Amino acid sequence: MPELPEVEATRRHLEPVIVGRTIESAAVRRPRMVRRHERPEDFVDRVTGRRIESLDRRGKFLLAPLTGDITWVTHLGMSGRLSIALPGDEEAPHTNVVIHLEGPIEVRLVDPRTFGFVAAWTPDELETMFRGRVGQDALQDLPSARELAQELAGRTAPIKALLLDQRVLAGLGNIYADEILHRAAIRPERPGGSLDPAEIAALRRAIGPVLAAGLRHGGTSLGDLAYLLPDGRTGDFLQRLAAYGRAGEPCRRCGGIIQRTVIRGRSSFWCRGCQF
DNA sequence: AACGATCCCTGTTGGC
DNA sequence: TGCCAACAGGGATCGT
């Protein structure tokens with residue numbers, strides 16, 4: 001499922017192809033995929049005729065500023081995928097939004113579970129939507145250990161839940177949160193405020209390498225809902241996971257058995273032997 | 001304010 | 001073998 005590394009892999013794949021091109025039209029096949037607009041047509045109207053100035057990312061959001069102060073925003077949800085195609089290419093099932101660019105080429109949003117979405121926002125709307133909802137990017141703008149300590153101070157929620165909270169840190173999802181906690185040797189159910197400075201430092205140090213490894217291996221793929229790179233390759237990071245999905249298997253670090261517990265309704269995998 | 005539960009959605013999985 | 005309930009999860013929303 002697309003977390004920060006998968007979204008960044010998508011960004012890097014699309015950027016050289018779509019930046020500088022003008023959006024000629026857009027088609028919304030699943031109205032639900034357009035969020036924060038009164039009508040799906042409002043999204044279409046807002047993006048049509050504008051040129052893509054860049055392709056950026058914040059957390060799991062892809063941001064494409066367009067000429068005329070509108071930003072095309074895309075979130076992949078949990079099963080979303082963006083691909084480049086030529087008009088006439090066979091469409092994958094669940095192709096829910098198609099952006100037609102000059103060329104002509106198409107950007108297709110395929111998303112079976114429709115948890116993803118697109119929107120087109122003004123700078124004010126973007127600011128309003130992100131303020132209080134999306135924190136600093138976990139890869140490009142990682143907060144210092146001191147800043148993290150301030151975020152965690154006094155918090156009673158499990159550190160796992162806080163890592164998933166996009167306001168604390170933007171970009172982590174269930175898989176990478178578990179991997180980061182394993183690398184940092186911290187149990188997921190520990191109250192955020194119970195972490196001492198050394199543990200917070202270890203947690204912070206674990207974030208970069210885990211995300212970089214995910215990015216290096218092309219993202220994580222899970223079964224048939226596999227995250228697919230835009231050109232169709234599957235990532236091989238799944239086989240390299242240390243904790244996620246490995247309940248009952250031996251820990252690669254200490255040989256202990258990986259446990260599965262449910263935190264905030266989400267599966268959490270951790271090692272009883274080396275996470276404290 | 002912080003926290004936890006619930007809901008949305010559909011393809012896959014696992015148990016009988 | 002076949003069927004169906006359970007499961008997966010990011011983010012919005014709501015109740016406490």
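Fair warning: this is a prediction, and the values are worked out from it, not measured in the lab.
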(request) Check every strand shown and say whether A/Arg36 touches a base, only sugar-phosphate, or nothing at a heavy-atom separation below 4.0 Å. (result)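 Sugar-phosphate only.
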(message) Using a heavy-atom cut-off of 4.0 Å across all strands, would you classify A/Arg30 as base, sugar-phosphate, or nothing?
(response)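 Sugar-phosphate, no base atom in range.
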Within the structure, does a side-chain N or O atom of [X] lie under 4.0 Å from either OP1 or OP2 of [N]?
X	N	result
A/Ser267	C/dA8	yes
A/Arg260	C/dA8	yes
A/His94	B/dC9	no
A/Arg113	B/dC8	no
A/Tyr176	C/dG10	no

Take atom [atom1] of [X] and atom [atom2] of [N], then tell me their distance rounded to the nearest Å.
X	N	atom1	atom2	answer
A/Asp178	C/dG10	CG	P	11 Å
A/Asn174	C/dG11	CG	C1'	13 Å
A/Arg32	C/dG10	CZ	P	15 Å
A/Phe115	C/dT13	CZ	C1'	14 Å
A/Asp111	B/dT10	CG	C1'	10 Å
A/Met78	B/dG11	CE	P	12 Å
A/Phe117	B/dC8	CZ	P	19 Å
A/Leu4	C/dG11	CG	P	11 Å

(message) If you only use heavy atoms from C-beta on, which nucleotide in C/dG10, C/dG11, B/dG11 is closest to the side chain of A/Gln166?
(response)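 Comparing C/dG10, C/dG11, B/dG11 against the side chain of A/Gln166, the answer is C/dG11.
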(message) Heavy atoms within less than 4.0 Å of DNA chain B: which residues of residues 145-165 of chain A have one? Give them sorted by number.
(response)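 By residue number: A/Arg155, A/Thr156, A/Ala157, A/Pro158.
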(request) Using the side chain to side chain contact (heavy atoms under 4.5 Å, CB included) rule, take A/Glu151 and A/Leu162 through it: C-alpha gap first, then chi angles, then the decisive distance, then the call. (result) CA-CA 9 Å; A/Glu151 286 279 356; A/Leu162 296 175; over 6 Å; no
(request) Please check if A/Leu109 and A/Val47 belong to a single hydrophobic cluster, counting links between Ile, Leu, Val, Met, Phe, Trp and Tyr side chain heavy atoms closer than 4.5 Å. (result)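 Linked, A/Leu109 and A/Val47 end up in one cluster.
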(request) Step through the shown structure and confirm whether more than 12 heavy atoms of other residues, nucleotides or ligands are within 6.0 Å of CZ on A/Arg29. (result)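 Enclosed.
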Could you tell me if [Y] and [X] have a donor-acceptor pair between their side chains, going purely by distance under 3.5 Å?
X	Y	value
A/Thr74	A/Trp72	yes
A/Ser54	A/Asp56	yes
A/Arg272	A/Gln259	yes

(message) For A/Tyr176 together with A/Tyr244, are the ring centres under 6.0 Å from each other?
(response)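 For A/Tyr244 and A/Tyr176, the ring centres are not under 6.0 Å apart.
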